[in-house]
Amino acid sequence: MTRPPSEAPVQHLEPTPVPERAPKPVRPKAPEVQPVLEKLFELYPHLFGAEFLPLKLGVFQELMARHPEHFERAGLKAALGLHTRSARYLQSVAAGKQRHDLDGAAVDDVTPEHVYLAVLELYRRKQGRSKEDLRPKVRAQVLAAFTGSGLSRQEYVVRALVVAPDTSALLDDVFAEYDQTLAKQEALLRAFDTSGKTAAEFADMYGLDAQEVSAMLGRRSPAPAAPANAASL
């Protein structure tokens, strides 16, 4: 005989346990960098003061060795990272200034690829804030960096692309302008050689600056000077 629904046995269900939430990982507190930067300025105003000079490689280890009472590793590393990413520091590197030790002596040249990276980073930052097309300026500055590097074109391109492989189009544009500048310089030299004029007379005849013509004649065949618009970004 079938039991009525009202008399069906009641099933007691166990409550589903609520899974415990895993505790959020506690991130280590970022070290305070401002006091470290102030101490660096106090100890080495010639490097961290009004002018930021490129620092020699290995300066972190030297600072830790000289001043264990002032610095701890994490704080000093964070402070130096912030310092070397600053626009003022990058401008110093982009200008090709030499690296300095803690005593203020110039010890090493900044490598051409580090100069190139500094120029690119300054360009990217400023282009992101500017409505002006800064590509002509960055091309001129890269060309100035190349002509000051002492490297051949092939050597410079190889080293630049190792550190910034996505910039081959920029380098193509830079060296297209370089070739145009070389061609103009060679044409002017041929014209001067056949003119029978002095440098001042030749410059006046073509509406050129006499000092620039004299400098061009002094160079004759080496790489042309950087364009006038090669001002720092």
Side-chain angles (χ1 to χ4, degrees), residues 22-130 134 137-138 141-142 144-151 155-156 158-167 170 226 230-233:
K24 292 183 179 180
V26 179
R27 293 184 180 179
K29 187 177 180 181
E32 292 285 339
V33 298
Q34 192 57 38
V36 181
L37 291 172
E38 290 173 0
K39 178 57 70 173
L40 288 170
F41 169 74
E42 177 187 331
L43 294 170
Y44 302 103
H46 53 286
L47 298 176
F48 299 90
E51 182 182 12
F52 288 0
L53 292 176
L55 301 171
K56 69 166 288 186
L57 301 178
V59 74
F60 170 78
Q61 289 81 1
E62 288 192 10
L63 284 166
M64 287 299 302
R66 280 198 192 187
H67 307 286
E69 75 282 10
H70 290 311
F71 303 123
E72 55 88 24
R73 295 184 66 85
L76 180 60
K77 186 175 182 179
L80 286 175
L82 184 65
H83 174 76
T84 55
R85 290 191 300 271
S86 69
R88 286 172 60 194
Y89 187 87
L90 291 173
Q91 286 165 357
S92 183
V93 173
K97 295 182 179 180
Q98 288 185 296
R99 294 189 181 277
H100 289 66
D101 64 16
L102 294 179
D103 298 320
V107 292
D108 289 305
D109 291 331
V110 175
T111 62
E113 54 265 41
H114 285 169
V115 173
Y116 183 65
L117 281 177
V119 171
L120 289 180
E121 180 60 24
L122 289 170
Y123 160 67
R124 286 166 177 161
R125 291 182 189 183
K126 291 197 173 185
Q127 189 62 83
R129 303 191 305 266
S130 175
L134 298 178
K137 290 183 178 180
V138 75
Q141 200 167 354
V142 170
F146 161 67
T147 56
S149 71
L151 299 175
E155 291 169 335
Y156 190 86
V158 168
R159 292 172 72 163
L161 290 180
V162 166
V163 295
D166 60 336
T167 60
L170 169 64
S232 297
L233 291 169

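- Formation of a donor-acceptor pair under 3.5 Å by the R99 side chain with backbone atoms of L55 is found in this model.
- Atom-to-atom distance recorded for Q91:CD and K97:NZ is 9.5 Å, nearest 0.5 angstrom.
- Checking side-chain atoms of T84 against main-chain N and O of L80 turns up a donor-acceptor pair under 3.5 Å.
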Derivation of the side-chain contact (heavy atoms from CB on, under 4.5 Å) call for M64 and L76
CA-CA 8 Å; M64 287 299 302; L76 180 60; 3.6 Å; yes
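- Using a 4.5 Å heavy-atom cutoff, the side chains of L63 and L43 are not in contact.
- Within the 3.5 Å criterion, the main-chain N or O of E155 finds no donor-acceptor partner in the side chain of R159.
- From L53, atom CG reaches atom NE2 of H100 across 4.5 Å, with rounding to the nearest 0.5 Å.
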Please assess R66 against D103 for the test salt bridge (charged side-chain N to carboxylate O under 4.0 Å, His left out), listing each intermediate value before the final yes or no.
CA-CA 12 Å; R66 280 198 192 187; D103 298 320; 3.4 Å; yes
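- Between G96 and V115, the shortest heavy-atom distance links the atoms CA-CG2, 4.2 Å.
- Listed for the Q127 side chain is a donor-acceptor partner under 3.5 Å among the backbone atoms of L134.
- Looking only at side-chain heavy atoms (C-beta outward), F60 and R73 come within less than 4.5 Å of each other.
- Between Y89 and F52, the shortest heavy-atom contact is N-CD2, 3.7 Å.
- You'll find the side chain of V59 reaches within 4.5 Å of the side chain of K56, heavy atoms only.
- Checking side-chain atoms of H46 against main-chain N and O of L102 turns up a donor-acceptor pair under 3.5 Å.
- Judged purely by distance below 3.5 Å, without hydrogens or angles, the side chains of S149 and Y116 never pair a donor atom with an acceptor atom.
- Taking the ring centroids of H67 and Y44, they lie under the 6.0 Å cut-off.
- Looking at heavy atoms from C-beta onward, L37 lies in side-chain contact with L82 at the 4.5 angstrom threshold.
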